[in-house]
Amino acid sequence: MIYKVLSIYEWQLAKDLGKIITDIDQEDGFIHLSTSRQLSATLSMYFGNLEQVILLKINHNKVEKDLRLEPASASSSRKGFFYHIYGDLLLEDVSNEWILERSSFNIPEVILIEAESDNV
C-alpha cells in the first residue's frame, strides 16, 4: 500500500485542480509517497508542525506505469527505498482519504495492521 500526506491547503488545491501538486514534489521532479511503515517518520519529519493533515491511500494499479521504487537520496537521513511517481497524481488515483488530527497523529488501525506485514 502506498500513501501521500498533504496539508489541508494542499488538499484544497488538489480538489480545485483535480490533481495533487506540492512544492516539494515540484522541486524534486517527482511525487513523494510513503508505505505504511514509513508513515510515522514522514509525518514526524515533514508535517510535525501541522494540527491536521490529509492522508491519501493511492490506488497502485492506477499509477503503476509512472511508479518507481528508488533508494533514499544520499543526502537524506532516511534509509531504504521509497515510492515516487513520475507523472501526475490525479484525484481519481486516490482510493481512500483520512483527516489526521494532531495528538501524535492517530494513524487509522487498518494502516497500523498493514505496517506489521509490509515487506518494503
Side-chain angles (χ1 to χ4, degrees):
M1 302 299 162
I2 51 177
Y3 301 91
K4 178 70 177 164
V5 181
L6 299 175
S7 69
I8 299 297
Y9 169 77
E10 291 166 336
W11 181 232
Q12 290 298 336
L13 181 62
K15 290 195 292 189
D16 291 343
L17 297 174
K19 65 181 178 178
I20 295 163
I21 298 174
T22 69
D23 289 343
I24 191 169
D25 294 341
Q26 287 185 318
E27 289 171 20
D28 291 345
F30 54 83
I31 298 168
H32 294 269
L33 302 171
S34 297
T35 65
S36 53
R37 281 188 176 176
Q38 297 164 335
L39 274 176
S40 292
T42 297
L43 288 166
S44 176
M45 294 173 73
Y46 301 104
F47 299 92
N49 63 331
L50 300 177
E51 293 299 318
Q52 279 187 334
V53 296
I54 303 296
L55 176 62
L56 304 174
K57 183 176 182 180
I58 307 304
N59 184 328
H60 185 276
N61 294 331
K62 289 190 173 188
V63 298
E64 190 170 25
K65 68 177 179 58
D66 295 326
L67 190 63
R68 305 222 184 0
L69 184 60
E70 301 177 314
S73 70
S75 63
S76 175
S77 61
R78 299 179 82 178
K79 306 297 178 218
F81 288 79
F82 292 83
Y83 283 102
H84 301 139
I85 293 176
Y86 288 86
D88 288 334
L89 180 56
L90 305 175
L91 290 185
E92 64 192 46
D93 300 331
V94 174
S95 61
N96 209 338
E97 67 182 77
W98 298 273
I99 296 174
L100 303 184
E101 302 279 346
R102 163 115 354 249
S103 69
S104 300
F105 289 113
N106 292 321
I107 296 175
E109 188 175 328
V110 65
I111 296 173
L112 293 173
I113 293 168
E114 287 173 8
E116 294 177 353
S117 62
D118 197 343
N119 292 322
V120 175

Hey, could you give me the [atom1]/[atom2] distance between [X] and [Y], rounded to the nearest 0.5 Å?
{"X": "Leu17", "Y": "Leu90", "atom1": "CG", "atom2": "CG", "value": "11.0 Å"}
{"X": "Ser73", "Y": "Phe82", "atom1": "OG", "atom2": "CZ", "value": "9.0 Å"}
{"X": "Leu6", "Y": "Phe47", "atom1": "CG", "atom2": "CZ", "value": "6.5 Å"}
{"X": "Ile85", "Y": "Leu33", "atom1": "CD1", "atom2": "CG", "value": "4.5 Å"}
{"X": "Leu100", "Y": "Leu43", "atom1": "CG", "atom2": "CG", "value": "6.0 Å"}
{"X": "His84", "Y": "Arg68", "atom1": "NE2", "atom2": "CZ", "value": "11.5 Å"}

Task: side chain to side chain donor-acceptor pair (under 3.5 Å) involving His32 - partner list, sequence neighbours excluded - done: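 In terms of side chain to side chain donor-acceptor pair (under 3.5 Å), with neighbours along the sequence ignored, His32 is linked to Asp28.
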Task: Pairing residues for Thr42 by the side chain to side chain donor-acceptor pair (under 3.5 Å) criterion, not counting sequence neighbours - done: Ser34, Arg78
Are [X] and [Y] joined in one hydrophobic group, where the rule is that I, L, V, M, F, W and Y side chains link up if heavy atoms are under 4.5 Å apart?
{"X": "Leu69", "Y": "Val63", "result": "yes"}
{"X": "Met45", "Y": "Val5", "result": "yes"}
{"X": "Ile99", "Y": "Tyr9", "result": "no"}
{"X": "Leu91", "Y": "Ile8", "result": "yes"}

Open item on the list: With salt bridge (charged side-chain N to carboxylate O under 4.0 Å, His left out) as the rule and sequence neighbours excluded, what pairs involving residues 6-26 come up?
Closed with: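 The answer is Lys4-Asp25, Lys19-Asp88.
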TODO: Sort out for me which residue in Ile54, Leu13, Leu56 forms a side-chain contact (heavy atoms from CB on, under 4.5 Å) with Ile20.
DONE: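 Answer after filtering Ile54, Leu13, Leu56: Leu56.
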TODO: Starting from Phe30, walk the hydrophobic network (Ile, Leu, Val, Met, Phe, Trp, Tyr; side-chain heavy atoms closer than 4.5 Å) and list everyone else you reach, by chain and number.
DONE: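 When side chains under 4.5 Å apart are linked, the cluster holding Phe30 also contains Tyr86.
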Open item on the list: Give me the atom names and distance for the closest heavy-atom approach of Thr35 to Tyr3.
Closed with: C-CD1, 4.1 Å
- [ ] Sequence neighbours left out, what passes side-chain contact (heavy atoms from CB on, under 4.5 Å) with Asn59? Give chain and number order.
- [x]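 Result, side-chain contact (heavy atoms from CB on, under 4.5 Å) vs Asn59: Asn61, Lys62, Ser95.
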- [ ] Please check if the side chain of Arg102 supplies one atom and the backbone of Val53 the other of a donor-acceptor pair under 3.5 Å.
- [x]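 Answer holds: no.
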Open item on the list: Taking Phe81's backbone N and O only, do any of them form a donor-acceptor pair with Gln38's side chain (distance below 3.5 Å, no angle check)?
Closed with: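 Between the backbone of Phe81 and the side chain of Gln38 there is a qualifying donor-acceptor contact (under 3.5 Å).
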